[in-house]
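Proteins come first, then strands; the chains are lettered A, B, ... in the order of their sequence lines, and each starts at number 1. A quick note: this is a predicted structure, and the numbers were derived from the prediction, not measured.
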Number of protein chains: 2
Amino acid sequence: MLDRLQVNDMDLPTNPGRRTLPVLNEDPRGWEVKVWVTLARASTRLERRLGHALAAHGLSLSQFDVLATLWHGEGITQQELAERLLVTKGNVVGLIDRVGAAGWVERRPDPDDRRVNRLYLTDAGRELLSRAFPGHAADIREAFGRFTEDELRQMHQLLERLDTY
Amino acid sequence: MLDRLQVNDMDLPTNPGRRTLPVLNEDPRGWEVKVWVTLARASTRLERRLGHALAAHGLSLSQFDVLATLWHGEGITQQELAERLLVTKGNVVGLIDRVGAAGWVERRPDPDDRRVNRLYLTDAGRELLSRAFPGHAADIREAFGRFTEDELRQMHQLLERLDTY
DNA sequence: TATTGTTATACTCTATAACTATA
DNA sequence: TATAGTTATAGAGTATAACAATA
């Protein structure tokens with residue numbers, strides 16, 4: 001497994017197209033900023049690591065998200081996908097163009113509403129996902145390996161509440 | 001405060017109150033994947049919200065990170081900045097070019113090692129940061145507003161462990 | 001009129017790698 | 001030889017906005 005990646009002449013984790021991470025710890029009155037900094041940093045580092053692993057399959061993290069979303073609900077519209085991925089419908093066009101060009105996803109016109117495209121995994125897409133997912137899940141489990149199940153439940157509950165504020 | 005964000009001609013749910021984004025919940029044996037999905041989603045949503053607020057100051061989240069990092073340690077080298085932001089030194093050149101062009105950061109040659117640049121906030125940069133930071137911190141506090149201090153400590157502790165796995 | 005998807009534009013960020021000038 | 005920074009390239013993601021087709 002790869003712990004670090006040779007980048008340039010410097011050791012760094014990787015992942016394309018995504019943001020760097022925050023760094024500001026000095027809020028005098030509360031833990032909120034500290035928690036956010038740590039959250040963002042942990043998230044970024046995991047994104048880099050997972051993104052790098054997925055790159056071996058020719059997938060970006062965003063593209064993996066598209067495929068995994070379709071895996072759960074084939075036949076959704078581009079608009080629905082946009083809402084789930086928290087991006088605009090304009091961005092979805094580009095995303096689907098790319099995974100479509102790779103042959104993993106296809107648009108099918110909705111017979112009842114001619115404005116709508118419904119999205120489906122191709123056989124190749126399903127196959128790719130079933131090839132990529134196990135390692136991906138294993139990487140995630142490794143990252144969380146030091147937590148007890150109780151702690152994982154706790155984390156999940158806290159993050160759900162944060163996500164729905 | 002903004003509850004929804006006007007994106008395009010679509011209302012993008014800045015807080016859809018429900019569904020999980022990235023996207024794979026079916027790991028039969030553990031909570032790890034679920035926790036990661038929730039973590040990534042919460043992080044993404046907060047990034048979007050905070051990034052949008054910072055844009056009012058002409059700052060991207062990454063640029064804010066640069067400024068905030070220098071606020072903590074002016075005089076660091078580009079290489080050191082790269083390590084703190086978890087990006088390559090090549091990427092740092094672009095980052096500093098941009099915040100430098102805006103007049104917020106300057107490179108000064110190290111007198112003892114002529115390969116090295118040391119980075120400093122300009123007065124404008126310091127002023128911008130002191131203008132942008134309070135609202136930024138307030139947004140963060142608002143996002144974490146539903147947690148008790150005890151829960152915040154808990155979260156921080158859990159995320160620190162995750163970050164250093 | 002409202003909605004779905006498309007197109008166009010501009011910018012930011014990231015990855016990779018070769019290059020320079022120093023040390 | 002090794003290190004700090006630069007340059008070059010390519011691509012991905014995002015934000016914004018106007019547009020066409022359809023409802």
Check ion pair A:Arg153-A:Glu151 (N to O, under 4.0 angstrom):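 The answer is no: the pair does not qualify as a salt bridge.
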List in chain and number order the residues that pass salt bridge (charged side-chain N to carboxylate O under 4.0 Å, His left out) with [X], two or more places apart in sequence or in another chain; answer none if no residue qualifies.
X        : result
B:Glu127 : B:Arg131
B:Arg114 : none
B:Asp163 : A:Arg41, A:Arg45
B:Asp123 : B:Arg126

Residues two or more places apart in sequence or in another chain: which of them pass side chain to side chain contact (heavy atoms under 4.5 Å, CB included) with A:Ala124?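 Result, side chain to side chain contact (heavy atoms under 4.5 Å, CB included) vs A:Ala124: A:Trp104, A:Thr122.
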Run the side chain to side chain contact (heavy atoms under 4.5 Å, CB included) test against A:Asp113 and tell me which residues pass, sequence neighbours left out.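 With sequence neighbours excluded, A:Asp113 shows a side chain to side chain contact (heavy atoms under 4.5 Å, CB included) to A:Asp110, A:Arg115, A:Val116, given in chain and number order.
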Just N and O in the side chain of [X]: are any of them under 4.0 Å from OP1 or OP2 of [N]?
X       : N      : result
A:Thr88 : D:dA15 : no
B:Ser60 : C:dC13 : yes
B:Thr77 : D:dA4  : no
B:Arg98 : C:dC13 : yes

Whole angstroms only, please: what is the [atom1]-[atom2] distance between [X] and [N]?
X        : N      : atom1 : atom2 : value
B:Glu47  : D:dG13 : CD    : P     : 14 Å
B:Arg107 : D:dG5  : CZ    : P     : 9 Å
B:Arg118 : D:dG5  : CZ    : P     : 8 Å
B:Leu50  : C:dT12 : CG    : C1'   : 17 Å
A:Arg45  : C:dT14 : CZ    : P     : 15 Å
A:Glu80  : C:dT4  : CD    : P     : 9 Å
A:Leu95  : D:dA15 : CG    : P     : 12 Å
B:Leu119 : D:dT6  : CG    : P     : 9 Å

Could you list all the salt bridge (Lys or Arg N to Asp or Glu O under 4.0 Å) pairs where at least one residue sits in residues 95-104 of chain A, not counting sequence neighbours?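 For residues 95-104 of chain A: A:Asp97-A:Arg107.
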Looking only at the side chain of [X] (C-beta and beyond, no hydrogens), which of the listed nucleotides [options] gets closest?
X       : options               : value
B:Gln79 : D:dG5, C:dT4, C:dT7   : D:dG5
A:Val93 : C:dT4, C:dT7, D:dG5   : C:dT7
A:Gln63 : C:dT14, D:dT6, D:dG13 : D:dG13
A:Gln78 : D:dG5, C:dT6, C:dT12  : C:dT6

Look at the rings of B:Phe64 and B:Phe133 and say which category their plane angle falls in: under 30° parallel, 30 to 60° tilted, over 60° perpendicular.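 Parallel.
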Please enumerate all protein N or O atoms sitting under 3.5 Å from an N or O of nucleotides 21-23 of chain D, with distances to 0.1 Å.
from, atom 1, to, atom 2, distance (Å)
D:dT22, OP1, A:Arg114, NH2, 3.1
D:dA23, OP1, A:Arg114, N, 2.8

Would you write out the dot-bracket form of DNA chain D, 5' to 3', with Watson-Crick and G-U pairs under 3.5 Å, [ ] for crossing pairs, | for pairs to other strands and . for unpaired bases? |||||||||||||||||||||||
Between A:Ser62 and A:Asp65, is any side-chain donor less than 3.5 angstrom from a side-chain acceptor?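 A:Ser62 vs A:Asp65: no donor-acceptor pair found between side chains.
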Less than 3.5 Å between a donor and an acceptor, one on the side chain of A:Asn91 and one on the base of D:dA15, is that the case here?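 Looking at the base of D:dA15, it does pair with a donor or acceptor on the side chain of A:Asn91 (distance under 3.5 Å).
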